[in-house]
Amino acid sequence: MYPSPFKVSSGIRDAVVRYIDTTFALRDEQLARERRDLLLNASGSLFSPLVLEPVLPYDAYEPLAEAAERHGPSVQVAAQAIFGPGVEVGLRHHQSRALDAYFSNDGRHNVVVTSGTGSGKTEAFLIPLLTQIVREAELNPGTPDPVQWWKRGTQSTTWQPTRSGSERTPALRSVILYPTNALVEDQMVRLRAAVRRLRGGDAPLDIWFGRYTSASPGGGDLPTKRANTSVGDAATQLEEFVSAYRTVADQSNAEELIDQFSNPLLGELIARWDMVSTPPDVLVTNYSMLNAILMRDIEEPMFEQTKNWLHSDPANRFTLVVDELHIYRGTSGAEVAMVIRNLLGRLGIAPDSPQLRVMATSASLPDGEESRSFLEGFFGVSGDTFLIDPGEARAVSPGPALDAEILAGLSDPADLAAVAVRDNWADSIADVCRDDNGAIEPTPVEVIAGRLFPQTDEVAAQAALSNALEGIAAANKSRVPFRTHIMVRGLRGLWACTDAACPAVAGRDHQSSIGKLFATPRTNCDGNARVLEVLLCKECGEVSLGGYVARAIEGDVKVLSTGPTRAGEGSETLAGRRGNDEYCWYWPRYD
């Protein structure tokens, strides 16, 4: 059983504060307790309010066999490779519509999927993309052995591309653009699984993919000999990849683990030379790298072969996929738009070409003229050719109103789970997480508790909400899953009143050298005494104070300020490195 988000949050908060107590230990135990209470309870100190996000599922509505009736059996082959053999696949609304649009000839054949988190946006473009590649590969079935130029002891000293034996014309059938290398790696795991299944099925298909980023081995002009130093270095890396893959495969049957590792024997082109000389069907990269290779002559064979392949048959199709489309705004968006235009120009594809398909995903792009204008400006393709599909999330069906008193009386997990299922608590909680327009959004738990239990005090309301979430977790079959946002930031510092007799801490059982503690800087305490930064001796745990010099009055007398008072003074500089004319250490003493 999963614990309540309240308990998870509380555990994380306690762990962070225990770390601070240990790393920045205070000699004064009472001050240590005050600091602990401050960090745990002060708004905006270390922890943001706990936020709960209902993640509405997107239900499958069309059996895969029905989609295959419209677009041929290749759809089933591609989808089963993506989802795994034996998995009963049903397409969600946006996946089915994206597939139909991709293969349509009615003018609206480009797709932007804007459904929510966990809705299968990636599959919405992978299914049609791989279906197109599978269709072509099925015309030349079989997978020729890759040329293992990296293998030590090879008979030939002449370098040959890994894909040399392929009967299919090497060309870029697709380029998938991601904003970061981390997202590139996530996509590679999915492609490894799909291509491994396509190459190893009952009817093996000769399909290739590759990741072209700064991490890809090899570089420079295409080598001519295996003995070349740079080739030797790249060969060592590929040998290590193969060895690591085999080690993991021998020790585990878990596909999700195996597919974390590259293997050039399973359709993955790893070295840059391989991808340049014999382009993969799917190239995964980021826009910075794409821009770089478009400006160099080294990668010209990659684009030239693709251009020739497109011109050889009007049925051949190039697909451009852009993930996280919403981040490409402003200047950076304009730069990426120019990269895309350069790419299409190098491939000889006109914006209105029937050989071009554009697919994208976005967290937020409403259907409308403004969005279509953005798409046209970004891709250089008519906005009217785009299907913008938000998908169809499951509708929430609230049950009876939750009762705080009843929840307080339920403590057994089995009882909580039974009532959670019977009264549909998950939908009731999701239903109150709405913005002014009625859209379900991430919502602070105190707001949720207040809406569910308006007649109950805050503490009791949050306790009741915690119990309800415990029941949903115990039931383990919620119609609506939830995601918890627990935000923690590093300790930026601590500030304190300079008045040891500060009235705000009159309840202390002994006198301290400083007054009330604050988690954020401020000028004065409630009693009007100056507030300064707390400094800590890590050797003995003694506290002192420090402040920026506001002005010097006479001799060594200086007026100190909580923050910098002159331009150029950096509050981020370590206190020990600040000049004496900028910052002063103050050691308050007490009897």
Side-chain angles (χ1 to χ4, degrees), residues 1-15 40-44 47-60 92 115-119 363 390-488:
M1 185 183 79
Y2 297 101
S4 160
F6 286 89
K7 291 184 178 179
V8 174
S9 176
S10 177
I12 292 175
R13 289 157 63 97
D14 288 343
L40 284 172
N41 300 316
S43 176
F47 310 100
S48 65
L50 182 63
V51 173
L52 199 64
E53 178 185 4
V55 182
L56 298 182
Y58 288 72
D59 296 320
R92 296 165 181 177
S115 52
T117 303
S119 62
E392 296 182 25
R394 179 183 297 171
V396 297
S397 303
L402 278 69
D403 189 300
E405 292 186 7
I406 292 176
L407 279 163
L410 296 173
S411 57
D412 184 76
D415 294 338
L416 282 166
V419 182
V421 173
R422 184 195 69 195
D423 292 346
N424 207 6
W425 286 350
D427 285 58
S428 296
I429 294 173
D431 192 52
V432 301
C433 298
R434 297 185 183 273
D435 60 18
D436 294 339
N437 296 319
I440 290 178
E441 65 174 0
T443 307
V445 291
E446 58 266 27
V447 175
I448 297 174
R451 291 173 179 174
L452 288 172
F453 313 106
Q455 306 303 320
T456 308
D457 69 82
E458 183 178 346
V459 174
Q462 292 196 33
L465 175 59
S466 179
N467 269 4
L469 293 171
E470 291 273 10
I472 293 169
N476 200 29
K477 52 181 178 181
S478 169
R479 289 184 73 256
V480 178
F482 292 89
R483 173 187 292 141
T484 306
H485 299 268
I486 304 172
M487 307 295 183
V488 182

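- Put simply, the side chain of Asn424 gets close to the backbone of Ser397: a donor and an acceptor are under 3.5 Å apart.
- Here the side chain of Ser9 pairs no donor or acceptor atom with the backbone of Phe6 at under 3.5 angstrom.
- Contacts of Glu458 classified as side-chain hydrogen bond (donor to acceptor under 3.5 Å, both in side chains), with partners at least two apart in sequence or in another chain: Gln462.
- Proximity of a side-chain donor or acceptor of Asp457 to a complementary backbone N or O of Val459 within less than 3.5 Å is detected.
- Val396 approaches Asp427 most closely through the heavy-atom pair CA-OD2, 3.2 Å.
- For the atom pair CG (Leu416) and OG (Ser411), the distance works out to 7.5 Å, reported to the nearest 0.5 Å.
- Listed by chain and number, the residues in a side-chain hydrogen bond (donor to acceptor under 3.5 Å, both in side chains) with Arg451 amount to none (sequence neighbours excluded).
- Residues passing the side-chain hydrogen bond (donor to acceptor under 3.5 Å, both in side chains) test with Asp59, sequence neighbours excluded: Arg394.
- Taking Asp423 as the reference, nothing meets the side-chain hydrogen bond (donor to acceptor under 3.5 Å, both in side chains) condition, with sequence neighbours excluded.
- Not a single donor-acceptor pair under 3.5 Å links the side chain of Tyr58 to the backbone N or O of Gly118.
- Listed by chain and residue number, Ile472, Ser478, Val480, Phe482 satisfy the side-chain contact (heavy atoms from CB on, under 4.5 Å) test with Ala426 (two or more places apart in sequence, or in another chain).
- Across Pro400 and Ser428, no two heavy atoms sit closer than the pair O-OG, 4.1 Å.
- The line from CG of Leu465 to OG1 of Thr456 is 11.5 Å long, rounded to the nearest 0.5 Å.
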CA sep, side-chain torsions, deciding dist, call: Glu470, Lys7, salt bridge (Lys or Arg N to Asp or Glu O under 4.0 Å): CA-CA 10 Å; Glu470 291 273 10; Lys7 291 184 178 179; 3.1 Å; yes
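- With sequence neighbours left out, Thr484 forms a side-chain contact (heavy atoms from CB on, under 4.5 Å) with Pro5, Leu50, Leu52, Ile486.
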